[in-house]
Amino acid sequence: MADTIFSKIIKREIPADIVYENDSVLAFRDINPQAPVHILIIPKVEIPKVTEIEGKKHAQLLGELFDAANKLAKEMKIDKDGFRLVFNCGDNAGQEVYHLHMHLLGGRKMTWPPG
Ligand code: 5GP
C-alpha cells in the first residue's frame, strides 16, 4: 500500500506539530484547522478507514485513541465546555487521507447537523 501523508508524519519524513505520542498513537495539529483546537489522533498501524476496523483485533488501540482525545481535551482546556470527535469514512463523508484518524475539534460552539 502506498504511504499516506500520515505515515510520512509518523516516520518524521514530513513535519507536523505533534502534541502527543505513545507506542501506538500519534496526535498532531491539523494543517487546516476548522476550530481553535483541531487535532488529528491516529494509530501508528495502517488502518485505511473505519470500515476496516475489527472490534476484537483493534479494541485496545481504539481505547487508546479515545484516551489520547480525553487527555488532549483536558490539556487544551476544552473538556468542560465540550468538544467534537469525528471519523470521516469514505467519499460521502469527505475522507481525504486514507489512514484512520480521529478529529478532535473544540474551542468554539459547534452547529448540528454537520455540513
Ligand atoms: P479527512 O477529511 O480525511 O477526515 O481529514 C484529513 C485531515 O488531514 C484534513 O482536516 C486536513 O486538513 C488534514 N491534513 C491533510 N494533510 C495534512 C498534513 O500534511 N499535515 C497535517 N497536519 N494535516 C493534514
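Position 1 is the first residue of the sequence, and the numbers go up from there. Order of listing sets the numbers, starting from 1, for every ligand and every atom in it.
- E52 places no side-chain N or O within 3.5 Å of a backbone atom of E54 that could act as its donor or acceptor partner.
- Of the charged side-chain nitrogens involved, none lies within less than 4.0 Å of a carboxylate oxygen, so that D23 and K44 do not count as a salt-bridged pair.
- Contacts of ligand 1 (protein heavy-atom distance under 4.0 Å) are I5, F6, I9, F28, R29, D30, I31, N32, L40, N88, G94, Q95, E96, V97, H101, H103.
- A salt bridge between R12 and E21 is present, with a side-chain N of the basic residue lying under 4.0 Å from a carboxylate O of the acidic one.
- Applying the side chain to side chain contact (heavy atoms under 4.5 Å, CB included) test to V86 and every residue at least two apart in sequence or in another chain returns R84, N88, H103, L105.
- Atom CD of Q60 is surrounded by 12 or fewer heavy atoms from other residues, nucleotides or ligands within 6.0 Å.
- Criterion: ILVMFWY side-chain heavy atoms under 4.5 Å apart, direct or through other members. Under it, V37 and V19 are part of a common hydrophobic cluster.
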